[in-house]
Number of protein chains: 2
Amino acid sequence: MRNRKAGYACKHCPVETTLDIIGGKWKGVILYHLMNKTCRFNEMRRLMPGISQRMLTLQLRELEKDGVIHREVYPVVPPKTEYSLTAFGETLKPIIQEMKRWGDRYEHHQEQQLEDVDQNKA
Amino acid sequence: MRNRKAGYACKHCPVETTLDIIGGKWKGVILYHLMNKTCRFNEMRRLMPGISQRMLTLQLRELEKDGVIHREVYPVVPPKTEYSLTAFGETLKPIIQEMKRWGDRYEHHQEQQLEDVDQNKA
DNA sequence: CTCCTTAGTTACATTCATGTGCCTACGTCA
DNA sequence: TGACGTAGGCACATGAATGTAACTAAGGAG
């Protein structure tokens, strides 16, 4: 997300605010992985084969700026950086977990839709 | 969202699936309003001053296709169309409500950050 | 002395999402 | 007879989001 430059849906809608933080193509998944454990940069790349180096950096920076994750740089060589949820980021866990559960259910729902085909309606 | 044409983050991540449905600039807010009550098309436009006619149509169509909302057209004149959550869409309520609550808390958090400024870190 | 690794950065290109403006059908109201 | 309101559709334009490729620093391994 983070595309609010084009204007907000309604003024001050908290749902919109939340989606600003965790929406977008990658952030949800990033947070999902960080929920389990602290991760290094390339470790996350391996967890998310689809993401490019650049995008991962950008998304992590935004999450950091929003105070959701913490970035710990170790001045060693080769470089070592660890990402983890902040205490505030931990408060996102219920949302992410709900989203995971719902996502599972949705996939199940999709299969059913293929059977229903016609008599849908609620 | 619905920008997965460029590929998925990880294969089969339920969080990603969920964000496909409710992510994007408008869908969260649309669902937020439909959680409270059935709405007509122009009624929603009034609730979300920022959205254009075209985008509202597009988003509603996608939500309908995903089986989350129901579109009831009354063959009267002037046209009347009512949008409501399907039973399946109702299952999204916990997520939307969590997002609303978190959004509220986040705004509160931001104010604090302005004070902390330096000694942040978790 | 060359290559490997990590965690980036930068410039450039493209694709997707979203926005704008104009058009319609029909019945009602003035 | 003409304007109004609803729920859109369509063509076109723009900008945001994302992708690709090449580059870097520093120490260790060979």
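Note on naming: letters A, B, ... go to the chains in the order of the sequence lines (proteins, then strands), and numbering restarts at 1 for each one. Nothing here was measured: the structure is a model prediction, and the numbers come from that model. Basis for what follows: all heavy atoms, side chains included, without hydrogens, waters or symmetry-related copies.
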Worksheet entry | Check ion pair B:E62-B:K65 (N to O, under 4.0 angstrom) | no

Fill in: Rounded distance in Å - CE (B:M55) to C1' (C:dG21)
16 Å

Practice prompt. Taking the side chain as every heavy atom from C-beta outward, state whether B:T18 and A:Y106 have any atom pair closer than 4.5 Å.
Written response: no

Fill in: End-to-end axis angle, where each axis spans five pairs of the helix from C:dC1-D:dG30 to C:dA30-D:dT1, to 10°
20°

Discussion item. In this structure, how many angstroms lie between the P atom of D:dT6 and the CG atom of B:L60, rounded?
Written reply: 16 Å

Discussion item. Measuring from atom OG1 of B:T17 to atom CH2 of A:W102, what distance do you get when rounded to the nearest 0.5 angstrom?
Written reply: 9.0 Å

Practice prompt. With sequence neighbours excluded, tell me which residues meet side chain to side chain donor-acceptor pair (under 3.5 Å) with A:R45.
Written response: none

Practice prompt. When you get a sec, tell me which of D:dA26, D:dG19, C:dA7 is the closest nucleotide to the side chain of A:K25?
Written response: D:dG19

Item to complete: Report the distance from atom CZ of B:R54 to atom P of D:dC12, rounded to the nearest whole Å.
Response: 13 Å

Fill in: Electrostatic pair B:E98-B:R101, nearest N-O below 4.0 angstrom
yes

Item to complete: Using whole Å, report how far CD1 of A:I69 lies from C1' of C:dA7.
Response: 14 Å

Worksheet item: Rounded to whole angstrom units, what separation is found between the OH atom of A:Y74 and the C1' atom of C:dG8?
Response: 18 Å

Worksheet entry | Minimum-distance nucleotide (side-chain atoms of A:W26 versus D:dT18, D:dG9, C:dG27) | D:dT18

Fill in: Between C1' of D:dG19 and CG of A:L58, the distance in whole Å
11 Å

Practice prompt. Calculate, to the nearest 0.5 Å, the distance between atoms CE and CD belonging to A:M35 and A:Q97 respectively.
Written response: 4.0 Å

Worksheet, complete the sentence: Atom CZ of A:R61 and atom P of C:dT10 are separated, to the nearest Å, by 11 Å

Item to complete: Describe the nucleic acid contact of A:S52 in one word from base, sugar-phosphate, nothing, applying a heavy-atom distance below 4.0 Å.
Response: base

Fill in: Separation of A:I96 CD1 from B:L19 CG (nearest 0.5 Å)
7.5 Å

Worksheet item: Does A:Y83 place a side-chain N or O at less than 4.0 Å from the phosphate oxygens OP1/OP2 of C:dG8?
Response: yes

Worksheet item: Near DNA chain D, under 4.0 Å by heavy atom, which residues of residues 41-48 of chain B?
Response: B:F41, B:N42, B:R46

Practice prompt. Can you tell me the distance, in whole Å, between the CZ atom of B:R71 and the P atom of D:dT6?
Written response: 16 Å

Practice prompt. Using heavy atoms to find the nearest nucleotide of DNA chain C for A:P78 and A:T57 separately, return the residue whose nucleotide is more 5′.
Written response: A:P78

Worksheet item: Do B:E90 and B:K93 sit within salt-bridge range, that is, some charged N less than 4.0 Å from a carboxylate O?
Response: yes

